[in-house]
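All remarks here apply to the structure that follows.
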Amino acid sequence: MRQLKQLLPKSLFWRSFLIVLIPVVLLQGAVALIFIDRHIENTTRRLAAGVAGDVAFLLDSLRVIDDPSLRQWTVQRAHEALQITLDRTEASAAEPLVAGRDSGFVTEALYRALFEHLRVPIEVREARAIQRFVMRVGLPEGTATLTVARKRLESTTTHIFFTWMVGAAVLFTGVAVIFLRNQLRPISRLARAAEAFGKGRPVTWLKPSGAAEVRQATAAFLEMQHRITRQITQRTEMLAGVSHDLRAPLTRMRLELALLASSKSRHEADIRALEADVVEMEHMIDEYIAFARGQEGEAPVETDLAALLDDVVEGASRRGASIALQTERPLAVTLRPGAMKRCITNLVDNAIRYGGAVKVATLRRGAAIEIAVEDDGPGIPEADRERVFRPFVRLDASRDPNRGGTGLGLTIARDIARGHGGDLTLSEAEGGGVRVVLRLPV
Ligand SMILES: Nc1ncnc2c1ncn2[C@@H]1O[C@H](COP(=O)(O)OP(=O)(O)OP(=O)(O)O)[C@@H](O)[C@H]1O
Ligand SMILES: [Mg+2]
């Protein structure tokens with residue numbers, strides 16, 4: 001059963017094609033079998049009997065006609081009217097004829113008919129090159145060699161029947177294929193749309209078309225796309241709104257703290273700590289806003305990923321980091337350039353901040369492109385590799401609180417990767433550092 005399944009074609013088109021084709025072939029096979037069995041054999045036998053009768057009549061006539069010119073006339077007429085040619089008659093001195101025949105059911109029928117009429121040794125051969133059958137008749141007075149046109153033994157209706165049968169089958173299957181294609185096109189279009197949407201590319205070109213069920217599925221897909229897009233927009237807007245509103249009171253607080261600090265208060269240390277907290281909150285909010293902006297409204301466009309990586313690397317190098325980039329060029333991918341740049345920058349920043357020597361490389365793997373960012377830092381313990389993707393999770397918070405960072409970098413990066421239909425995974429680099437792989441379907 002499983003083997004049978006493997007033999008079956010995968011695509012819906014070829015499967016439907018088989019569903020159409022198999023009954024047609026089976027029906028035609030059955031019809032042809034019965035037809036050959038009954039009709040062709042009957043007709044051939046009758047035609048062979050006719051030829052045998054003509055041959056017997058010709059040979060009998062020649063036996064009783066003495067006048068040479070009349071004999072010649074008879075042979076000539078037989079050639080013209082009956083398509084039976086008397087080649088030669090050999091004297092009985094020649095060795096006697098051994099009965100025999102070629103295989104094939106026409107030859108067989110002819111052989112039998114001749115034998116029934118003449119009751120002497122008969123030999124029948126097929127001369128394909130001249131489209132004739134050669135008959136040798138072992139008469140008491142000598143061996144006669146005659147030929148008969150193949151046409152006289154083949155019924156033309158058989159050819160017509162087969163031509164019509166195969167022709168009609170090809171025609172009807174062709175028509176079925178055209179209709180099938182038209183029915184299947186909306187389904188493959190829907191599949192392409194779902195795939196594109198999964199990769200974060202909004203689908204605007206899809207219209208419900210085709211059979212009722214396909215229309216229904218398309219309409220449902222469009223509705224789903226609309227709902228998801230609306231949900232994302234709402235979430236992003238809310239996030240941006242909250243962040244924005246939080247910034248005003250925070251700014252006020254910072255100013256007030258600055259005033260307090262300058263008035264030489266007794267609680268200078270407390271004030272400094274509060275100030276640091278406020279600065280961190282501001283940083284968080286800035287990041288939120290930037291993130292919300294990056295995801296919102298940006299349309300995917302075909303971008304040279306290699307050039308985008310150059311940008312990121314250059315930016316990091318300006319801040320004094322050393323990064324090795326290895327990529328094929330150009331590397332065209334459809335993506336949201338702003339968001340993607342932010343995503344890769346977050347990864348590279350982490351590698352610089354927590355590692356040291358950074359390597360960035362791209363690699364084609366099947367239908368996806370992988371961007372790997374590696375560093376030679378302390379790495380992330382296996383147990384924490386999922387946790388660090390959660391918002392505000394910072395592993396080194398206890399180790400070194402002054403290293404900045406809000407714990408949002410990886411969260412945002414993964415969100416962007418998934419928004420493109422891809423994902424972000426952490427593993428260990430060769431030197432023990434972190435290896436982040438960003439996989440993007442193309
Ligand atoms: N390359 C790395 N090597 C070691 N630890 C890392 C690496 N990248 C991330 N981490 C750990 O994962 C934590 C989460 O990283 P994430 O980028 O989300 O936040 P962050 O870098 O602390 O802050 P920011 O929001 O500014 O990026 C980091 O605090 C750090 O402990
Ligand atoms: Mg970070």
Side-chain angles (χ1 to χ4, degrees), residues 236 239-240 242-244 246-247 250 276-295 308-309 311-313 315-326 338-362 370-420 422-439:
T236 322
L239 214 63
V242 169
S243 311
H244 190 265
L246 274 175
R247 202 146 64 160
L250 270 176
D277 281 351
V278 171
V279 167
E280 191 180 328
M281 282 174 81
E282 268 181 342
H283 181 64
M284 262 158 74
I285 285 166
D286 283 347
E287 213 149 286
Y288 258 145
I289 291 174
F291 166 56
R293 250 189 230 126
Q295 284 284 75
L308 192 141
L309 289 173
D311 263 12
V312 174
V313 168
S317 304
R318 245 182 274 124
R319 280 175 273 132
S322 83
I323 302 179
L325 173 63
Q326 193 188 4
M340 189 49 63
K341 190 169 168 188
R342 181 166 185 79
C343 169
I344 298 169
T345 307
N346 282 0
L347 302 181
V348 169
D349 281 355
N350 277 356
I352 296 168
R353 196 188 284 166
Y354 308 107
V358 182
K359 272 193 283 187
V360 181
T362 65
E370 288 187 355
I371 304 155
V373 180
E374 270 184 27
D375 62 60
D376 60 355
I380 299 176
E382 175 130 33
D384 290 324
R385 282 189 198 146
E386 269 310 307
R387 207 163 65 86
V388 287
F389 284 110
R390 276 193 236 140
F392 309 116
V393 170
R394 307 193 52 222
L395 297 184
D396 59 344
S398 50
R399 285 185 246 159
D400 186 358
N402 293 326
R403 259 173 143 180
T406 54
L408 274 176
L410 285 175
T411 316
I412 291 170
R414 179 174 256 183
D415 208 67
I416 293 171
R418 290 189 171 165
H420 284 80
D423 203 1
L424 210 60
T425 45
L426 287 178
S427 58
E428 198 176 309
E430 256 169 51
V434 167
R435 177 183 161 85
V436 198
V437 175
L438 166 61
R439 193 181 53 79

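In listed order, ligands and their atoms are each counted from 1. For the numbers below, each heavy atom of this structure counts, side chains included, while hydrogens, waters and symmetry mates do not.
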* Structure fact -> Counting only protein N, O or S atoms and ignoring waters, those under 2.8 Å from the Mg ion (ligand 2) are Asn350 OD1
Please report whether ligand 1 has a polar contact with [X], defined as an N or O pair separated by less than 3.5 Å (distance criterion only).
X: Leu410; value: yes
X: Leu408; value: yes
X: Gly409; value: yes
X: Gly407; value: yes
X: Pro378; value: no

Is the contact between [X] and ligand 1 made by the side chain, the backbone, both, or neither, using heavy atoms and a 4.0 Å cut-off?
X: Asn350; answer: both
X: Leu395; answer: both
X: Asp349; answer: neither
X: Asp375; answer: side chain

* Asked: Hey, is the main chain of Gly356 close enough, under 3.5 Å, to the side chain of Asp376 for a donor-acceptor pair?
  ->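 The answer is yes, because a donor-acceptor pair under 3.5 Å joins these two groups.
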* **Note, Arg418 side chain near Asp423 side chain (heavy atom, < 4.5 Å)** => yes
* Asked: Leu426 and side chain to side chain contact (heavy atoms under 4.5 Å, CB included): which partner among Glu386, Arg414, Arg385, Glu382?
  -> Arg385
